[in-house]
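Report on the structure given below.
Remember, predicted model here, so these are calculated numbers, not experimental data. Values reported hereafter were calculated over all heavy atoms of this structure, with side chains retained and with hydrogens, waters and symmetry mates removed. We're numbering straight along the sequence, starting at 1.
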Amino acid sequence: MRLNTLLKLLAAPALALLMACGGAATGPGPQAAPSSVGFAYTDPQGGDWTLVRNASSTDTHLILDLVGPTGTKFRGVGFNLKSDGSVTYGHMGAGGYVRDTGVFHLQSTYANYPVEPVLLAGGVKGDGKLLTVGIFQKDRYWPSVSVNKPVCQISIDFDATKTASLPPGTKIPLAITKAKAIPSYIGTMPADPSDLNGYGSVMANFNSSLVPVQISVGTLVTK
């Protein structure tokens with residue numbers, strides 16, 4: 001048998017073996033886009049009312065404190081917070097989506113009054129994009145209080161089914177669409193709560209008891 005014929009016979013199975021073992025040179029395959037594992041929050045700069053990061057927050061569970069202005073007293077506050085739907089608002093215990101921090105007086109001033117539901121509530125609507133919360137002193141005999149400290153808390157959770165698909169560094173839009181508060185002066189309360197004729201001043205201020213306020217929210221970014 002000739003030499004070149006023998007070489008051809010040997011080359012054919014060698015080439016087949018090389019291809020079967022993956023010996024052909026190939027480039028690296030397409031890499032999957034990086035996914036987020038949490039988020040970071042930067043507090044707003046300035047503003048009367050602000051939503052600031054609580055120190056107990058984690059990368060996947062952000063707790064925000066609502067802090068009011070210094071030198072002004074109020075009797076309650078409520079607001080709407082809107083996102084683009086890529087995060088989930090978290091439950092905060094008995095108040096649903098809001099937690100009382102003990103600043104506002106939610107119970108009656110009179111011990112002989114029956115225990116009534118408090119004006120602390122939070123809920124989500126708009127396909128989970130809109131958070132609505134409120135905390136108010138129902139009994140007007142309580143004095144107004146200083147609000148330059150956390151008056152309530154909300155939370156925003158990292159959602160593996162929604163937020164994880166965003167690349168790191170993606171800014172998640174958050175916006176306050178409405179905010180109102182009960183100011184310090186709401187009229188003069190009668191000395192005797194049973195004096196039905198003494199509530200004229202309070203009734204005169206009834207329609208203006210809720211006033212618009214400005215609440216600043218910080219920047220939320222995936223990481």
Side-chain angles (χ1 to χ4, degrees), residues 30-69 74 76-104 106 117-136 147-182 210 212-223:
Q31 295 183 350
S35 57
S36 300
V37 295
F39 38 53
Y41 182 83
T42 303
D43 290 343
Q45 299 299 315
D48 289 338
W49 293 80
T50 54
L51 282 169
V52 298
R53 183 183 185 276
N54 186 277
S56 63
S57 300
T58 67
D59 286 350
T60 56
H61 182 63
L62 175 66
I63 298 177
L64 296 180
D65 296 333
L66 178 62
V67 179
F74 287 87
V77 62
F79 63 91
N80 292 342
L81 175 63
K82 188 175 182 180
S83 77
D84 64 351
S86 59
V87 295
T88 297
Y89 298 113
H91 283 268
M92 299 295 287
Y97 290 88
V98 58
R99 177 185 294 148
D100 173 32
T101 57
V103 173
F104 290 117
L106 303 185
V118 298
L119 292 180
L120 171 70
V124 172
K125 55 185 179 179
D127 296 328
K129 297 180 181 179
L130 187 67
L131 171 68
T132 299
V133 302
I135 179 171
F136 300 97
V147 293
N148 59 335
K149 64 193 76 173
V151 299
C152 66
Q153 295 176 333
I154 63 169
S155 68
I156 299 176
D157 289 336
F158 182 87
D159 192 326
T161 64
K162 295 184 292 187
T163 325
S165 61
L166 301 175
T170 300
K171 182 180 178 180
I172 299 174
L174 296 174
I176 299 293
T177 60
K178 182 184 291 186
K180 291 189 175 183
I182 298 181
L210 278 172
V213 294
Q214 295 294 322
I215 298 179
S216 298
V217 60
T219 304
L220 186 65
V221 179
T222 58
K223 58 188 296 187

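D59 is not listed as a side-chain neighbour of V37, based on a closest heavy-atom distance of 4.5 Å or more. Between V98 and M92, the closest side-chain pair of non-hydrogen atoms is not below 4.5 Å. Between S216 and W49, the closest side-chain pair of non-hydrogen atoms is not below 4.5 Å. No side-chain heavy atom of V77 sits less than 4.5 Å from a side-chain heavy atom of V147. Side chains of I156 and Y41 form no contact here, defined as non-hydrogen atoms less than 4.5 Å apart. By the 4.5 Å heavy-atom criterion applied to side chains, L166 and I172 are counted as neighbours. Between V151 and F104, the closest side-chain pair of non-hydrogen atoms falls below 4.5 Å. Residues D43 and T50 form no side-chain contact, since every pair of their non-hydrogen atoms from C-beta on lies 4.5 Å or further apart.
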What's the verdict on side-chain contact (heavy atoms from CB on, under 4.5 Å) for V87 and L62, showing C-alpha distance, side-chain angles and the deciding distance?
CA-CA 11 Å; V87 295; L62 175 66; over 6 Å; no

request  = Could you walk me through whether L81 and Y97 pass side-chain contact (heavy atoms from CB on, under 4.5 Å), step by step?
outcome  = CA-CA 12 Å; L81 175 63; Y97 290 88; over 6 Å; no

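A distance of 9.5 Å separates CG in D157 from NE2 in H91, rounded to the nearest 0.5 Å. Note that CZ of F74 and CD1 of I182 are 11.0 Å apart. Values are rounded to the nearest 0.5 Å. Taking NZ of K180 as the start and CG of N80 as the end, the distance is 10.5 Å to the nearest 0.5 Å. Annotation: the span from L220 atom CG to T170 atom OG1 amounts to 10.5 Å, rounded to 0.5 Å. Atoms CG and CG, on L106 and D100 in that order, are 4.5 Å from each other to the nearest 0.5 Å.
Few gaps surround NZ on K162; more than 12 heavy atoms of other groups in view lie less than 6.0 Å from it.
Between S57 and I63 the shortest heavy-atom distance is OG-N, 2.9 Å. A pairwise comparison of heavy atoms in T222 and P167 identifies OG1-O, 2.7 Å as the closest pair. In terms of heavy-atom proximity, P44 sits nearest to V52 at CD-CG1, 4.5 Å. Taking all atoms of both residues into account, the shortest heavy-atom contact from G85 to S83 is N-OG, 3.1 Å. Across all their heavy atoms, I215 and A179 have their closest contact at CD1-CB, 3.6 Å. For D84 against P173, the heavy-atom pair with the smallest separation is OD2-CD, 3.5 Å.
A donor-acceptor pair under 3.5 Å is absent between the side-chain atoms of T132 and the main chain of G123, judged by distance alone. The backbone N or O of G218 sits nowhere less than 3.5 Å from a side-chain atom of T42 that would complete a donor-acceptor pair. Checked by atom type and distance alone, the side chain of D127 never pairs as donor or acceptor with a backbone atom of K129 at under 3.5 Å.
Aromatic pair H61/F158: centroids not less than 6.0 angstrom apart.
The side chain to side chain contact (heavy atoms under 4.5 Å, CB included) with L51 is formed by just one residue from the set L174, I176, V67, D65; it is I176.
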